[in-house]
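Written out below as C-alpha cells is the structure these notes cover.
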Amino acid sequence: MLIIPAIDLKDGVCVRLQQGRKDAVTVYSDDPAATALAWVRDGAELIHIVDLDGAFTGDQLNIEGIKRIRAAVDVPLEVGGGIRDEGRLELMVSLGIDRLIIGTAAITQPEMFQRACQRYPGRILAGIDADNSKVAIKGWQEVTQRDAIEVATELQGFGAAGVIYTDISRDGMLSGPNVEATQQLANALNIPVIASGGVSSLEDIKNLSTIAGLYGIITGKAIYSGAIALKAAIELVRQMQG
C-alpha cells in the first residue's frame with residue numbers, strides 16, 4: 001500500500017480546500033515542482049495532482065505547473081481535474097502523465113470513459129467523490145442521486161484501472177477518513193481502491209490499512225500542515241506490511 005501525497009493546483013500554486021469549497025482555500029506553496037521534489041525525497045513513489053481550476057470550470061489552467069512537476073520528478077504521476085474529453089486525455093499523455101483520473105465525465109459521458117479505458121488500458125482511474133454516499137461532480141458543486149458503489153461497479157465494468165474514493169465531508173478537514181464507506185467500496189470491487197479525504201494522523205493511516213486490498217492513501221493537508229510527517233507515514237506502512 002502506498003502513501004500518496006497530493007498536490008492541488010489553483011491559479012498556479014499549491015492549495016488545499018475545506019470540503020471542496022472555493023471560498024475556503026489555503027495556499028501552501030507557490031512552487032509546485034519544489035513541493036513534488038520534496039515529497040519524492042521523503043520517499044513518495046506516486047504523486048496525486050488535481051487541477052482545481054479544471055475541476056471547477058472544465059478548463060484546465062494549471063498545465064504549466066503540471067509540466068514543471070513532470071520535469072522535476074521521476075516517479076509516476078496521476079492527474080485529475082477537468083479531464084472531460086479525449087483531447088484533454090491526449091494532452092496529459094503527451095506531457096508524460098502516467099495515470100489519468102476522470103471524475104465528472106465518467107458520470108456525464110460514460111461512453112467517453114469507456115473509450116478512454118480501451119485506448120489507455122491500465123491508465124484510467126475513476127474519481128468518485130461522495131457526499132453521504134451520493135456521487136458529486138463538477139468540482140463537488142453538484143451532487144447527483146447516484147450511489148457511489150453502484151457507479152464504481154459500473155465504471156469497473158467499463159475497464160477502470162482503479163477508483164479514487166473521496167468523502168467530501170472529510171476532505172481538508174483533518175477530521176479522520178470514512179473507513180466504513182471505504183471498506184464497503186473496496187469489498188464491492190475487484191480493482192484497486194485509493195482512499196482520500198480526512199486523513200489527519202498516523203492513527204488514521206493505521207485504521208485505513210486494515211482494509212483488505214486498499215492500494216493507497218492520499219494525504220494532502222495533513223502533510224502540508226505538519227500533522228503527519230510523510231516519511232513517518234511511509235515507514236509506518238512498510239512496517240505494517242512486514
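- Partners of N62 by side-chain hydrogen bond (donor to acceptor under 3.5 Å, both in side chains), not counting sequence neighbours, listed by chain and number: D51, D53.
- Formation of a donor-acceptor pair under 3.5 Å by the T210 side chain with backbone atoms of K206 is not found in this model.
- Minimum interatomic distance between I69 and A36 (heavy atoms only, all atoms of both residues): CG2-CB, 3.7 Å.
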Derivation of the side chain to side chain contact (heavy atoms under 4.5 Å, CB included) call for I66 and V79: CA-CA 9 Å; I66 293 170; V79 173; 4.0 Å; yes
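- Between the Q156 side chain and the N190 main chain, a donor and an acceptor come within less than 3.5 Å of each other.
- In this structure, CE on M1 lies 11.0 Å from CD1 on I234, to the nearest 0.5 angstrom.
- No continuous path of hydrophobic side-chain contacts links I218 to I191 [ILVMFWY only; heavy atoms under 4.5 Å].
- Atoms CG and CG, from D74 and L37 in turn, are 9.0 Å apart once rounded to the nearest 0.5 Å.
- Using a 4.5 Å heavy-atom cutoff, the side chains of V199 and I205 are in contact.
- Q109 approaches R84 most closely through the heavy-atom pair NE2-O, 2.9 Å.
- Side-chain contact between M112 and L89: present, with at least one pair of heavy atoms (C-beta onward) separated by less than 4.5 Å.
- Side-chain N or O atoms of R123 include one that pairs as donor or acceptor with a backbone N or O of D98 at under 3.5 Å.
- Residues M92 and L46 do not share a hydrophobic cluster, clusters being chains of Ile/Leu/Val/Met/Phe/Trp/Tyr side chains in contact below 4.5 Å.
- In this structure, the separation between CD on Q118 and CZ on F113 is 11.0 Å, given to the nearest 0.5 Å.
- The salt bridge (Lys or Arg N to Asp or Glu O under 4.0 Å) contacts involving residues 227-239 comprise E45-R238, where partners must be two or more places apart or lie in separate chains.
- The local environment of CD in E180 is sparse, with at most 12 non-hydrogen atoms from other residues, nucleotides or ligands closer than 6.0 Å.
- Proximity of I194 to E78: side-chain heavy atoms (C-beta onward) are separated by under 4.5 Å at one or more points.
- Y224 places a side-chain N or O within 3.5 Å of a backbone atom of A6 that can act as its donor or acceptor partner.
- For the atom pair SG (C117) and CD1 (I102), the distance works out to 6.5 Å, reported to the nearest 0.5 Å.
- The minimum heavy-atom distance between T182 and A195, with the atom names listed, is CG2-CB, 3.9 Å.
- Taking 4.0 Å as the cut-off between side-chain N and carboxylate O, E150 and R146 count as a salt-bridged pair.
- Side chains of K67 and E64 form a contact here, defined as non-hydrogen atoms less than 4.5 Å apart.
- Cluster annotation: Y215 and M240 are assigned to distinct hydrophobic clusters (Ile/Leu/Val/Met/Phe/Trp/Tyr, side-chain heavy-atom contacts under 4.5 Å, transitive).
- Contact check for D204 versus I228: no side-chain heavy atoms found under the 4.5 Å cut-off.
- Residues W39 and I223 meet the side-chain proximity criterion, which asks for heavy atoms closer than 4.5 Å.
- Smallest separation of non-hydrogen atoms from A233 and I3: O-CG1, 3.9 Å.
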Step-by-step side chain to side chain contact (heavy atoms under 4.5 Å, CB included) determination, I4 to I217: CA-CA 6 Å; I4 307 166; I217 299 170; over 6 Å; no
L100 vs L125, side chain to side chain contact (heavy atoms under 4.5 Å, CB included): CA-CA, chis, key distance, verdict: CA-CA 6 Å; L100 307 141; L125 301 173; over 6 Å; no
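- Put simply, V151 and I149 are part of the same group of oily side chains (I, L, V, M, F, W, Y) that touch within less than 4.5 Å, one to the next.
- Between I83 and I101, the closest side-chain pair of non-hydrogen atoms is not below 4.5 Å.
- Residues A126 and L155 come closest through the heavy atom pair CB-CD1, 3.6 Å.
- In this structure, K134 and T144 approach most closely via the heavy-atom pair CB-O, 3.4 Å.
- Here CD1 of I168 is found 5.5 Å from CG of D129. Values are rounded to the nearest 0.5 Å.
- Residues F158 and Y165 are members of one and the same hydrophobic cluster, defined by side-chain heavy-atom contacts under 4.5 angstrom among Ile, Leu, Val, Met, Phe, Trp and Tyr.
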Stepwise side chain to side chain contact (heavy atoms under 4.5 Å, CB included) test for R115 and Y120: CA-CA 9 Å; R115 287 195 303 273; Y120 304 108; over 6 Å; no
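- Counting heavy atoms from C-beta outward, L77 and R99 have side chains that stay 4.5 Å or more apart.
- Taking OG from S209 and CG from L202, the interatomic distance works out to 10.0 Å, rounded to the nearest 0.5 Å.
- With a 6.0 Å radius and a threshold of 12 heavy atoms from other residues, nucleotides or ligands, D147 has its CG atom above the threshold.
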